[in-house]
Amino acid sequence: MSAPLCSILIATRNRPRILAETFERLRAKGFGSYPMWIYDDASEDPASIADVVATWPNARLLRGEVQRGQSHGRNELFRACGTPFAICLDDDQYFLEVGDLKNHLVLPRPEGAHAVVSFQCRAVKDGRLDRPAEWPSGLTTWFMGGCVLFYLPVVLEIRGYREWWVYGYEEPELAARLFAKGHRIWYDRSILIEHNQWYNPNERRDYGEYDYLYARNAVLLTSMNYPLLMGLPLGIMRSIRRAFFLKRNFGRKWSGLLRGIAMTFTHWSERTPMRWGQALEWMRLNKE
């Protein structure tokens, strides 16, 4: 039997019931034979997650003892799964329309194949689409981490997400590094994901942490990936602008901004700055 080409990767925390529903929806769409890899980000009741994972034949479960966030969890899955392609889903996302997915799962890869294929996503609660319904398939600059197909050799070559990032702008940060290496992202409108988002009492969002990380990472997104004289001022301005979008936790936001500036230099050896021309082109593409 030939080795599988593609795995499904899901990072989860404290949501066994919603994970079980996602499994059911994936099986109903014909994904039951796909290798399933789950990263449990330090759930408070790990046995309940393990019980759900056991319902998927030959599924593999990785567990973190300390909560590290999705960036770390997805990297662990990237490294472990062993297939050339990986579909990343959030634990509350599943396929409604498979579309042309199999056309992207081809080896050897045709010339001009894309490193990332982004899917359309629709929210259950209000029907909102990530992209307008009329948006055609084509090159794009962005993807969401829970409805995307990766060609893993390319992603692993640049070490995936930054391990210490936690969450907040992790997808545009990875997209910028892929662009700098000459890789491109494709949007396939034929593939539709549904996002069945809800929160249980164990998953109440820590908005202090949320606002701190977004303020910090708004700086780092450009300071780590653009020439410093361009990226650091842009990041500071983005962080300040975002601070006033939702008027809360200003102390945490200020702390995050300052931490982002400091981390630009404490992580100096990890910077991957584009050339000036690349950075300007990337900015232009993101405005289209």
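The local environment of CH2 in Trp186 is crowded, with over 12 non-hydrogen atoms from other residues, nucleotides or ligands closer than 6.0 Å. Around the CZ atom of Arg275, the shell of radius 6.0 Å holds no more than 12 heavy atoms that belong to other residues, nucleotides or ligands.
For the residue pair Ser7 and Cys81, the shortest heavy atom distance occurs at OG-CB, 3.8 Å. Counting all heavy atoms, side chain and backbone alike, Leu152 lies closest to Ala86 at CD1-CB, 3.7 Å. When all heavy atoms of Pro84 and Leu107 are compared, the closest pair comes out as CG-CD1, 3.6 Å. Closest non-hydrogen pair, Arg271 versus Pro273, comes out as C-CD, 3.3 Å. A pairwise comparison of heavy atoms in Ala115 and Arg109 identifies N-NH2, 3.7 Å as the closest pair.
Distance alone, capped at 3.5 Å, places no donor-acceptor pair between the Ser239 side chain and the Gly235 backbone. Between the side chain of Thr55 and the backbone N or O of Asp51, no donor-acceptor pair lies under 3.5 Å. No donor-acceptor pair under 3.5 Å is formed between the side chain of Lys29 and the backbone N or O of Tyr94. Proximity of a side-chain donor or acceptor of Ser43 to a complementary backbone N or O of Asp40 within less than 3.5 Å is not detected. Between the side chain of Trp276 and the backbone N or O of Tyr226 there is no donor-acceptor pair closer than 3.5 Å. Of the possible donor and acceptor atoms, none in the side chain of Asp188 sits under 3.5 Å from a partner among the backbone N and O of Val117. Checking side-chain atoms of Arg60 against main-chain N and O of Ile38 turns up no donor-acceptor pair under 3.5 Å. Judged purely by atom type and a 3.5 angstrom limit, Asn249 uses its side chain to pair as donor or acceptor with the backbone of Tyr207. Checking side-chain atoms of Lys253 against main-chain N and O of Arg248 turns up a donor-acceptor pair under 3.5 Å. A side-chain donor-acceptor contact under 3.5 Å links Trp165 to the backbone of Gly168.
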Stepwise side-chain hydrogen bond (donor to acceptor under 3.5 Å, both in side chains) check, Asn75 with Glu163: CA-CA 8 Å; Asn75 281 349; Glu163 285 283 325; 2.9 Å; yes

Full working for side-chain hydrogen bond (donor to acceptor under 3.5 Å, both in side chains) between Asp130 and Gln120: CA-CA 6 Å; Asp130 278 354; Gln120 176 67 286; over 6 Å; no

Residues Ile193, Phe95; criterion side-chain contact (heavy atoms from CB on, under 4.5 Å); working and verdict: CA-CA 4 Å; Ile193 297 289; Phe95 287 87; 3.6 Å; yes

Stepwise side-chain contact (heavy atoms from CB on, under 4.5 Å) test for Phe179 and Met274: CA-CA 9 Å; Phe179 176 81; Met274 301 179 197; 4.2 Å; yes

Trace of the side-chain contact (heavy atoms from CB on, under 4.5 Å) decision for Cys121 with Gln93: CA-CA 9 Å; Cys121 185; Gln93 291 181 304; 3.4 Å; yes

Check against ring-ring contact (aromatic ring centres under 6.0 Å, His included), Phe150 and Phe143: CA-CA 11 Å; Phe150 290 114; Phe143 61 89; 5.5 Å; yes

side-chain contact (heavy atoms from CB on, under 4.5 Å) evaluation trace for Phe265 with Leu228: CA-CA 10 Å; Phe265 298 97; Leu228 186 66; 4.2 Å; yes

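For the atom pair CZ of Arg79 and CZ of Arg74, the computed distance is 14.0 Å after rounding to the nearest 0.5 Å. For the atom pair Leu19 CG and Phe23 CZ, the distance stands at 4.5 Å (nearest 0.5 Å). Glu171 CD to Leu174 CG: the interatomic distance, rounded to the nearest 0.5 Å, is 8.5 Å. Here the straight-line distance linking atom OG1 of Thr264 with atom CG of Leu232 works out to 5.5 Å at 0.5 Å rounding. To the nearest 0.5 angstrom, Leu139 atom CG is 9.0 Å from Leu285 atom CG. A distance of 8.5 Å separates OG1 of Thr83 from CG of Leu5, quoted to the nearest 0.5 Å.
Look at Glu173 and Arg162 and you find a salt bridge, because one of the NZ, NE, NH1 or NH2 atoms lies within 4.0 Å of a carboxylate O, short of that distance. Under the 4.0 Å criterion applied to side-chain N and carboxylate O atoms, Arg25 and Asp92 are not assigned as salt-bridge partners. Taking the charged nitrogens against the carboxylate oxygens, Arg252 and Asp211 have no contact shorter than 4.0 Å, which rules out a salt bridge. Comment: Glu281 engages Arg284 in a salt bridge, judged by a side-chain N to carboxylate O separation of less than 4.0 angstrom. One finds no salt bridge joining Asp41 and Arg13 here, because no Lys/Arg side-chain nitrogen approaches an Asp/Glu carboxylate oxygen to under 4.0 Å.
Classified by interplanar angle (parallel below 30°, tilted 30° to 60°, perpendicular above 60°), the ring pair Phe244/Phe250 is tilted. Between Phe78 and Tyr161, the two ring planes are parallel [angle under 30°; tilted spans 30° to 60°].
Under the 4.5 Å side-chain heavy-atom criterion for ILVMFWY residues, no single connected hydrophobic cluster contains both Leu221 and Phe245. There is a path of hydrophobic side-chain contacts, each under 4.5 Å, that joins Tyr34 to Leu96. Cluster membership for Trp282 and Ile158, using ILVMFWY side-chain heavy atoms within less than 4.5 angstrom, is not shared.
Using a 4.5 Å cut-off on side-chain heavy atoms (C-beta onward), Ile191 and Leu149 make no contact. In this structure, Val219 and Leu234 have side chains that are not in contact, with every pair of non-hydrogen atoms separated by 4.5 Å or more. Contact of the Ile49 side chain with the Thr12 side chain is registered, since non-hydrogen atoms from C-beta on lie closer than 4.5 Å. Met283 places a side-chain heavy atom less than 4.5 Å from the side chain of Met230. Two residues are said to be in side-chain contact when any heavy atoms from C-beta on lie closer than 4.5 Å; Thr272 and Met224 fail this criterion. Phe119 places none of its side-chain heavy atoms less than 4.5 Å from the side chain of Tyr187. Contact annotation: the side chain of Leu213 approaches that of Tyr167 to within less than 4.5 Å [non-hydrogen atoms, C-beta and beyond]. Taking the side chain as every heavy atom from C-beta outward, Arg27 and Phe31 never approach each other to under 4.5 Å.
A cation-pi geometry, defined here as NZ or CZ lying under 6.0 Å from the six-membered ring centre and within 45° of its normal, holds between Arg242 and Tyr214. Cation-pi geometry between Arg131 and Trp142 is met: the NZ or CZ atom falls under 6.0 Å from the ring centre, inside 45° of the normal.
With 3.5 Å as the limit, one finds no donor-acceptor pair spanning the side chains of Thr22 and Asp91.
Checked against the 6.0 Å centroid criterion, the rings of His72 and Trp164 do not qualify as a close aromatic pair.
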